[in-house]
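Below is one structure, written out as structure tokens; comments come after it.
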Amino acid sequence: MGSPEESREARVRLPQLKMDELLEELQARLDTARGTRDRVHSLLEAVLSVGRELNLEQALHSIVEAAAVLVDAEYAALGVITPDGKALSAFHTIGVSEAQIAEIGPYPQGHGILGELIRHPEPLRLTKISQHSASYGFPAHHPPMNTFLGVPIRVRDQIFGNLYLTEKRGGVQFDEDDESVLSTLAVAAGVAIDNARLYEESRLRERWLQANAEVTHGLMSGGARTDVLALIAERAGEITGSALAAVALPMEDTESLAVEIAVGMDAEAHQGLVLSMDRSLMGLAFARATPVTSADVGKDGRISLDPPRFGGLGPAVAVPIGTAEAGVRGVVLLAREAGRQPFSATETETLQDFAAQASVAMELADHRRDAAEMAVLQDRDRIARDLHDLAIQRLFATGMTLQSAGRFIEHEEAAERVVRAVDDLDETIKIIRSTIFGLRARDGGAGTGLRARVVRAAGEASPVLGFAPSVRMEGLVDTDVPREIADHVIAVLSEALTNIARHARADRADVALVTDGREVRLSVTDNGVGIPAEGRRSGLLNMEERARQLGGELEWTTPQDGGTVLVWKVPVTGK
């Protein structure tokens with residue numbers, strides 16, 4: 001035993017040691033409380049920051065950034081799940097540079113650990129990714145990742161996507177607090193995403209309503225049909241973020257559609273094309289009177305890809321203008337660039353509503369135009385009746401009077417003048433009767449326009465050719481090309497297609513008819529053996545003679561890759 005003094009010193013030191021321990025424990029609890037307070041404060045700031053965003057893309061980016069900061073993760077991502085809930089449709093990342101992303105390659109589709117969270121939407125925390133049974137490694141150039149924390153994001157009880165966090169800084173593991181904080185953020189993210197979606201949907205509806213108002217105003221104010229069709233294509237393409245927008249209308253007396261308007265990527269390859277009902281996306285939509293979608297329009301087996309016109313394009317949708325009950329007036333085609341998102345059911349439904357409203361406006365405009373034409377026709381009938389009942393009878397009576405009076409004129413020169421006057425009156429009566437006939441005559445029957453005749457001529461040549469030639473037309477073909485020139489066009493086209501069938505040994509032919517109001521140009525191209533140097537030229541001479549008679553010319557060339565390009569062009573301004 002020690003001395004009394006030593007025992008007293010020991011009793012003094014023991015309370016001091018216990019006090020130090022208590023102070024250290026208190027300090028640790030204070031630090032923990034302060035850390036919890038700071039983390040709660042950071043979580044509240046993150047929730048407020050995410051909730052401010054009304055732009056969906058910006059909201060998603062803010063959610064990923066906030067998640068990485070809250071759990072101190074080096075890498076973070078938000079994967080948006082497809083509507084069918086089986087894969088990822090979008091991927092927003094933090095911590096990986098653009099150069100690294102380019103080296104890694106396409107964004108993940110939802111396999112491995114990412115797919116595990118899609119299949120089982122519950123929080124998932126791992127100490128090492130590679131040890132999980134669902135993991136099958138990373139692609140080349142992917143940064144190494146070990147620790148993992150993932151939580152689902154729900155929007156109105158539907159899984160919208162997942163938050164993925166990897167590599168907690170400092171080499172430590174994600175803990176329960178990290179999981180709790182991230183789950184809380186996911187709840188706030190779901191609300192923010194829902195708000196952003198609702199805002200975007202309201203803005204989108206506003207844009208569609210404005211587009212409908214523009215189309216209706218254009219039609220009801222008497223705007224040109226082509227201008228209004230162009231407006232429909234432009235607005236639909238802008239609102240849906242499409243690279244190509246086109247409008248096709250049915251051709252009278254044929255089973256084909258003609259692309260009247262095309263705007264956007266490679267629009268010139270679509271403008272004026274004549275499409276079949278069963279081998280084109282627009283034709284299928286027209287025949288079925290329902291929207292038809294394609295995940296990749298350039299590789300869709302339902303569509304004829306001849307001539308090539310979908311380079312660089314991917315998802316597409318064709319929507320009828322009108323309904324099966326009221327009648328389909330045309331088709332709108334929209335296509336996005338390859339790699340973009342397919343058209344969703346909501347987008348297609350909204351586009352269908354827009355097309356239906358456009359159809360109603362077109363019908364009202366047609367009724368208005370028909371009423372105006374009827375008024376003109378009725379006025380013409382009235383003028384014709386007046387001319388017949390009044391003018392012709394008076395002229396005839398005057399002629400009879402002069403003819404009777406001529407017998408009493410003894411002066412030879414005066415008598416001759418009276419006879420000439422009577423003849424002039426007879427000629428005038430003939431002119432007036434011709435005018436009356438013109439006023440009462442109606443336009444020719446359906447299918448007499450040059451457009452329809454060209455399509456029929458191409459269709460009639462198909463059995464002889466062994467394939468259907470593609471047809472493209474641009475400009476006011478039926479209006480600007482006179483009947484006599486149209487007859488020559490059909491004759492030249494038939495001759496050209498017959499020559500291809502007899503001599504070219506081709507398996508493809510392209511017909512293009514273009515007019516700018518001053519000249520009409522017919523081009524016929526094939527991929528056959530070309531025109532032999534010593535071959536017969538009777539058909540070419542006939543076509544050349546037709547062009548020369550009309551003040552035009554015929555040209556033909558043989559491209560380096562083979563085949564023949566024949567161009568027949570004549571002026572139409574003298575009509």
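The first residue of the sequence shown is numbered 1, and numbering continues consecutively from there.
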- Item | All pairs passing salt bridge (Lys or Arg N to Asp or Glu O under 4.0 Å) where residues 332-344 contributes a residue, at least two apart |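 Pairs touching residues 332-344 that pass the test: Arg336-Glu347.
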Is there side-chain contact between [X] and [Y], with at least one heavy-atom pair below 4.5 Å?
X      : Y      : result
Glu268 : Glu474 : no
Leu244 : Asp266 : no
Leu497 : Leu465 : yes
Val572 : Pro482 : yes
Val511 : Leu493 : yes
Phe343 : Leu334 : yes
Ser359 : Thr323 : no
Glu57  : His92  : yes

When you check the side-chain N and O atoms of [X] and [Y], is any donor under 3.5 Å from an acceptor?
X      : Y      : value
Ser294 : Asp300 : yes
Thr525 : Asp510 : no
Thr346 : Ser344 : no

- Query: Which of parallel (below 30°), tilted (30 to 60°) and perpendicular (above 60°) describes Trp568 and His488?
  - Reply: parallel
With rounding to the nearest 0.5 angstrom, report the [atom1] to [atom2] distance, [X] to [Y].
X      : Y      : atom1 : atom2 : result
Lys569 : Arg518 : NZ    : CZ    : 13.0 Å
Thr93  : His61  : OG1   : NE2   : 8.5 Å
Asp480 : Thr515 : CG    : OG1   : 5.0 Å

Got a list of side-chain donor-acceptor pairs under 3.5 Å for residues 276-288, not counting sequence neighbours?
from   : atom 1 : to     : atom 2 : distance (Å)
Ser276 : OG     : Asp278 : OD1    : 3.3
Ser276 : OG     : Arg279 : N      : 3.2
Arg279 : NH1    : Gly301 : O      : 3.1
Arg279 : NH1    : Arg302 : O      : 3.3
Ser280 : OG     : Ser276 : O      : 2.7
Ser280 : OG     : Gly283 : N      : 2.9

- Partner of Met473 under side-chain contact (heavy atoms from CB on, under 4.5 Å), chosen from Asp478, Val455, Leu273, Val259: Val455
- Query: Can Asp516 and Arg521 be counted as an ion pair, charged N to O under 4.0 angstrom?
  - Reply: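 Result for this pair is no, no salt bridge flagged.
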- Applying side-chain contact (heavy atoms from CB on, under 4.5 Å), run through Ile321 and Val247 and close with a yes or a no. CA-CA 9 Å; Ile321 301 175; Val247 178; 4.1 Å; yes
